[in-house]
**Q** 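Can you read through this structure? Questions will come right after.
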Amino acid sequence: MEYNFSEIEKKWQDWWTANEIYKVSNDSSKPKYYVLDMFPYPSGAGLHVGHPLGYIASDIYARYKRLKGFNVLHPMGYDAFGLPAEQYAIEHGIHPAVSTAQNIQNFRKQMDKIAFSFDWSREVNTSDPSYYKWTQWIFLQLFKSFYNRQTKKAESIDVLVASFEKDGNEYHPFPNQNFQFRPTVNGQPSTGNTFTAEQWNNFSEKQQQDILMEYRLAYCGYGEVNWCEALGTVLANDEVVNGVSERGGYPVVKKKLRQWYLRITEYADRLLEGLETVDFSEAMKEMQTNWIGKSYGAEIDFKISDSDKKLRVFTTRPDTIFGVDFMVVAPEHELVEEITTPEQKQEVEEYITWVKSRSERERMAEKTISGAFTGAYAINPFDNREVPVYISEYVLAGYGTGAIMAVPCGDERDFRFAKHFDIEITNIIGEAFNGKEANPTKDAELENSNFLTGMLMRDAIKIVVEEIEDLGYGKAKVNYKMRDAAFSRQRYWGEPFPIVWKDGIAYPLDESELPLELPPMEDIKPGKDGEGPLSNNLNWIEVPASSIIDLTPNPSPKERGAKSSMPGYITSTPEQWKILSVYAKENRRNKTEAENKLWQELRNRNLNGCKFRRQHPVAGYIPDFVCLEKKLIVEIDGEYHNKEEQRKFDEVRTEWLKEYEYKLIRFTNDEVIDHLPQVLQKISESLIAGDDTGVAVAPSPLERAGGEVALRESSTMPGYAGSSWYFLRYMDPHNNETFCSKKASDYWNQVDVYVGGTEHAVGHLLYSRMWTKFLFDLGLISFDEPYKKLLNQGMIQGSSRFVYRVALWYEGKDGQEKPNFPQIVVSKGQYGNYKAKKEEFDSIIRTVVAKISSSAKIEAYSIYESHVDVNIVDGIELDIEKFKQWRNGEYANAIFILEDGSIYSESSTSKYICGVETEKMSKSKFNTVDPSDLVDKYGADTFRMYEMFLGPVEQSKPWDTKGIEGVHRFLRKFWRLFYKEVATAPSPLERAGGEVIVTNDKATDAELKILHKAIKKIEEDTERFSYNTAVSAFMVCTNELADLKCHKKEILQPLVIMLSSYAPFIAEELYHTLGNEGSVLDAVYPTFDAKYLVESSKEYPISVNGKLRTTINISLDASQKEVEEIVLQNDVIQKWLDGKEPKKIIFIKNRMVNIVI
RNA sequence: GCCCGGAUGGCGGAAUUGGUAGACGCGUCAGACUCAAAAUCUGGUAUCUUCACGGAUGUGCAGGUUCGAUUCCUGUUCCGGGCACCA
C-alpha cells in the first residue's frame, strides 16, 4: 500500500477530534507538565512558515511528555488586541472585532492542519470580554495595592492608609524620590517629602487621593510621548524617522501626556533575584539584568553659582569627582529654564526645540555631538570649582536625575563633548589618560584629586561616598535603568480601564461591574488633546456622577439606546465594498440549503414588494439578506453560528448594525427549512414595523445626571496587559468566579517549558514575571515565577527571489520608457555579465530589441532587481509559465533572456535563474510561504518534520522549501518497512497492491543495536530540544533497518511510538497496522537498554603532533602500555616517526591517541 | 550608540565534556531499472594537488592558550534580534 498521507491525515484528525483525544483534565493522578507557546497575535497575513516552528517544537515535547506518563497541558489562544487591527479598521472601515474574528478563524484553520495537540476547549482570546474582565480585575487589584518596602511585597492600599492615619508617611516614604511633595495645609506649605498623621487626616479627599496615587502599583502620572499633531496620535519610537512620522511625514514632538503606569520598579530587585531560580538562557538573563540596570553610585548636589538652585546628579563614579569639568543636563530638565542666562536663552531654546523632534532611539544612537551652554555654572562641593552647565540630548531625563557630572578623561562621550566645545580637560589619572581618548578604568591611581590623590579609583569610590554623606553633599544611591512601565495607550482596540474620573480623582469601578465592555464604535479616530478614540464616544465616556458615589452599575449602551452620529451612507464605503465584495461573492456561491430556500421567496419582491439583496455588504459586514429601503437585515444561523466565537462576532455585529439604524432579525437553519411560512410572516411583520421603528433616543447620561457628570478613562490598556497573565487563564479558562481558581493554579503551577522568540526578552517576559509576583504577593497563586524554563525559538527568515528587469530608454522619448513594449527580464548569470562584461551583454540586448522592433533605438538602459514570488520559483529556477500569469499577467508578454544568453521559447534547454537574498519574511517581498500549501502537498507529518529538520530551534535560519522532499522520502521509506511496495509497477494504482510485511520474528542483535542506539539518541535529543538531530537519527536508523530488510514488530513498534511525537498521523496509522487498539498517544515510551550497545573494541584515531595520520582498531580493555606498543608498531606511524623517539604519547580511553615528537 | 546572539562545503546543518570537521538531508554527478519519463535503488561529491597511494589547506578575519581548538581567551568584521506605543 502506498503512503497516502492525505487519506491518513484526514482519517486520524477526525478520529482524534471525535475521541477528544487532546482534552486535558485538571484532575489526574499523573504528574503534571505544562508546555506553553507564546501567544500569537492573529494578524491579517495569517500564519507563515515561521510561526509553526515554535508550535511544532512545543507540540513534539508535549506529546513526548505524554508518552512519558505526564498529564500535559498544552493550550493555545490569541493575543487579539493590538494596533494592526485598529489601523486596518481606520483604513478600511472594518471593525477590529470583525477582522480579528476573521483572522482567528484563519489561524485556526491553518493550525488545525498541522495536528497540534492543543486542548482547544481551553482557548482564550484577550479581546473577549469574559477574558478581559479578569485583566481589568487584576488591574483593579494593582490599583488598590502598594508595594510595602518593609515587608517587600504588594499589600492593600488600606494598609497604607491605616499607617498614614497613625504615623503619617514616616514608615512609607514616597517611592519616587524625585517627587516633590508640596501640599498646603491650612494655607501653609508643607516642607520636605513627609507628612504627619495629623496632616494626613486634614488633607482633602483630593489631596489624599493624589498622595495615594504616588504609591499605587497601577498609577496615573505624566509622561513624555512622541506626539504627532497632524495624526492626532502618539507614535512608537520606530514610527518616528528624522523627527517626522513614518506614515505621512508629519512633524513629531515630545509631549507630556497623562498616562497610566505600573510601578514595576518596585519589583526590580525581586525580578533580578528571581532570575536565579529560573532556567532561562544566560543571554536572556543578561538582557533582563541589563534592562533592569541596577547600579550603585551616589547622588551629589551641585550648587548653581549666583542662584539658590541645586543641580542633583547621579554618578556611578564618585571617585572621579575632582575630574569634573562640566555638567550636562537633559534638555527637558525642569531646572534648565530657571538657570539659563538671558544671553544663552535663544540658543538653549532653539536646541530644546530641535531635541523635541528627536526620538529617544535617535538620541541614544547619535554619534554627532550636540548641545548648548546654559550660561550657568555649577559649583563642585569638594573644591568649589565652577564648571559650566550644558544641555545635550545624550542625557536622558528619565535616567538617574536627568543630569550628569561630566568627567572627560574617564568617559568617552564626555570626552568627545569636551573636545567639541573646547572645554579644558582635567586629568586625574596621570599616565592612564593619553589625551586622545577617555579611559574608563577603575584601576588607575588618582592624581590631582585632593584628599583622594594616590588612591586606587576602585577603593576611592567607597571613601568619597562616605565623605559625601558626612558632609551632606548627597547620598549613596542605588539606581535602576528600568522605568515604570507605561500602561495606557491612546487607542481604541484594547481593554478599557475600569476607572471613572471626577474632579481629578480616579475612582475604580466596583468589581461587580466588570467587564467594562469596549463600546462598538463606527469611526475610530483620535480624541482631542491626546485623548483616546473612546473619548469621542460621549454615550460611553460620560457617566452620571452619582454612579461613582453609590457605585450603582451603569446602564449598558443597549439600555441607553445608543444613537450615534452616523454618516449618511447606508451601505459600505467604496473601500469596504472592494474588500467585502470578494467574500460576498464567495458566500453567494456557497449558499446553504436554508439560504437558498429563503432566497427563492425573498427575491423578485415577493414580500410586501420589498427588494431584498443577498450577501450584500453593509458597512463592514455581509448580512445574509438585507432590505436597504426598510433597513432590515435577515440572518440565518447555520452550523457555523453555533461556535462560541461566532456568537460573539454576531453580537458585535448586531450592536454595530444598530448604530447604523438597521434592524436585525435572526432565524436558525432549521426554522427556515421546517417552518418557512412562519419565518416569512415574521419578516413581513418586521418590514411593516420598520416604517416607524426608529431607534428610540434615550436622554444622555448628562441629562439624567442633572449636569453632574463623571468621565470614564478614555485610554485603553497596552498589548501586554492580556498577555501578562494568560498562562494562568488556560488552567481554568471557563471560571466565572475568579481569574483562575487557586486549586487549578496549585495543580498546574509554573509553566514547565515556555517556547517563544527572544524579541519578547524584556517586554512581555518582564511584565508577566511582575504580574506573577504581584498575584503571588496577594496570595492568589502560590508561585512567584511564571516560567520555569524558557526555550527561545529562532526566527525563520524569508529567502527572497529576484528577477532582473531591463528598463529601456529610447531616443526622442526624453528619458521615458516606451509604453506597450514587452518587458525584458534577464537571468542572474546574464545580470552578472551586465555588470562584468558590459559589451557582451550590450550586444544581447541590442539583438533582442532589434527582434521586437526594427525601428526602436535604445538610448540607454539599466537593470533593476525585482522581487518575484518564491512560490513560483523551483529552488532558483524560475517557472516561466507561472511567472507569465503572475500578478494578472504583468509579464505575460515578457521576453526572457536565459542563463546562456538565449531567448526563452518552448523548446529552450537553458533556464532562467533567479537571484537569492535572505530577508525578513514579508508579503511585500513575496517571500512568504503558507504552511497550508505545504501540508496539502506533502502532508502535515512531512511539514512538521521538515520544519524541525531545518536546524536548531533556537537558531534563526532562512526558509527554503527545496529540502522538504528529502523528509518526505524518509517517511515513505519508513512506511516501506511496514508495507510491501511494488516499486516497479507502472502506476501508483498497481503498486497499491502491496501488503503488510511486518513479522513477529525475534530480532537479531544487530537490529536491537540499531533500535537502542536510536532510542538513546532520539530520547536524549528530544529531551534537549535538539529536534534536527533527532529527525536525522530517525533517518539513520530507517536507512539501517532497510539495509537489513528488517520488518519485525519487536523493532518497529518502539520506533512508531517515538515517531508519534514528530509525525503523529503516520505513527497512528502504523500503530494500528501493527495491530494495536487505542491511540498511539497513550502508548508508553520505549526504554533504552545499554546492554545492546556494548562494544569490545574501537577504531582509534591516531594523531602525530595533533594531526590525524591513521586509525587502528584496538580493544577497549587495552592499557596505555599495550596501546603504545600497538601504535608504535604501525607502519604509517613508523613512517611519521622517521626513527625519532616520541616525546610523549597521549592516550585517552575510548577517544584517541596522540603521539608528540 | 548601548545590550544580546550568530558566522562551518554549492545550500540547511552535524560534531552533547577541548579529542577522527562536514553526520543527516537538499542539490549535483555517474550508474541500475524503463521504449521513455516519473518514481525507486546503488555509488561519488569541502578545496587544491597526485595516474594512484598519499599530501597540503580548511570552521568569518587576526592573534593567543594547549600534545591537540569549530569548541577556551583577546581583538576585529559582517549579519540578525532588542532598546520601553509592533506584538
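Throughout, a chain's letter reflects where its sequence line sits, starting with A, and its residues are numbered from 1.
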**Q** Return the orientation label for the A:His764 and A:His760 ring planes: parallel under 30°, perpendicular over 60°, tilted otherwise.
**A** perpendicular

**Q** Donor-acceptor pair, A:Ser392 side chain versus A:Ser370 backbone, under 3.5 Å?
**A** yes

**Q** Within the 4.0 Å heavy-atom criterion, would you say A:Glu954 contacts the bases, only the backbone, or no part of the nucleic acid?
**A** nothing

**Q** Measuring from the side chain of A:Glu1020 (C-beta onward, heavy atoms only), which nucleotide among B:U16, B:C86, B:A14 has the closest atom?
**A** B:U16

**Q** Can we call the ring centroids of A:Tyr726 and A:Trp771 under 6.0 Å apart?
**A** no

**Q** Taking the side chain of A:Lys920 as its heavy atoms from C-beta onward, which of B:G81, B:C3, B:C86 lies nearest to it?
**A** B:G81

**Q** Where do N or O atoms of nucleotides 17-19 of chain B meet protein N or O atoms at under 3.5 Å, pair by pair?
**A**
none

**Q** Just to be sure I follow the notation: if a pair is Watson-Crick (purine N1 to pyrimidine N3 plus N6-O4 or O6-N4) or a G-U wobble (N1-O2 and O6-N3), each under 3.5 Å, what dot-bracket string does RNA chain B give, with | for pairs to another strand?
**A** (((((((..(((......[....)))((((((.......))))))((((....))))..(((((..]....))))))))))))....

**Q** Answer yes if the ring centres of A:Tyr979 and A:Tyr3 are under 6.0 angstrom apart, and no otherwise.
**A** no

**Q** So what does A:Ser488 touch, heavy atoms closer than 4.0 Å: a base, only the sugar-phosphate, or nothing?
**A** base

**Q** Regarding A:Lys1017, tell me which of base, sugar-phosphate or nothing describes its non-hydrogen contacts under 4.0 Å with the strands shown.
**A** base

**Q** Keeping A:Asn927 on the side-chain end and A:Lys920 on the backbone end, is there a donor-acceptor pair under 3.5 Å?
**A** yes

**Q** Looking only at the side chain of A:Arg972 (C-beta and beyond, no hydrogens), which of the listed nucleotides B:A87, B:U40, B:G25 gets closest?
**A** B:U40

**Q** Looking at A:Tyr222, A:Phe487, A:Phe497, which hits ring pair (Phe, Tyr, Trp, His ring centres under 6.0 Å) with A:Trp260?
**A** A:Phe497

**Q** Measure the spacing between CD of A:Gln793 and CD1 of A:Ile56 and express it to the nearest 0.5 Å.
**A** 10.0 Å

**Q** Do any of residues 713-721 of chain A sit with a heavy atom less than 4.0 Å from RNA chain B, and if so which?
**A** none

**Q** Rounded to the nearest 0.5 Å, what's the gap from OG1 on A:Thr716 to CD on A:Glu495? Could you check?
**A** 7.5 Å

**Q** Measure from the ring center of A:Phe417 to the ring center of A:Tyr394 and say whether it is less than 6.0 Å.
**A** yes

**Q** Between the main-chain N or O of A:Ala57 and the side-chain N or O of A:Tyr1027, is there a donor-acceptor pair closer than 3.5 Å?
**A** yes

**Q** In Å and rounded to the nearest 0.5 Å, what is the CZ to OH distance from A:Phe81 to A:Tyr720?
**A** 15.5 Å

**Q** Name the closest nucleotide to the A:Leu83 side chain, picking from B:C86, B:C24, B:G80.
**A** B:C86

**Q** Considering only heavy atoms and no angle criterion, is a donor-acceptor pair shorter than 3.5 Å present between the side chain of A:Gln490 and the base of B:C85?
**A** yes

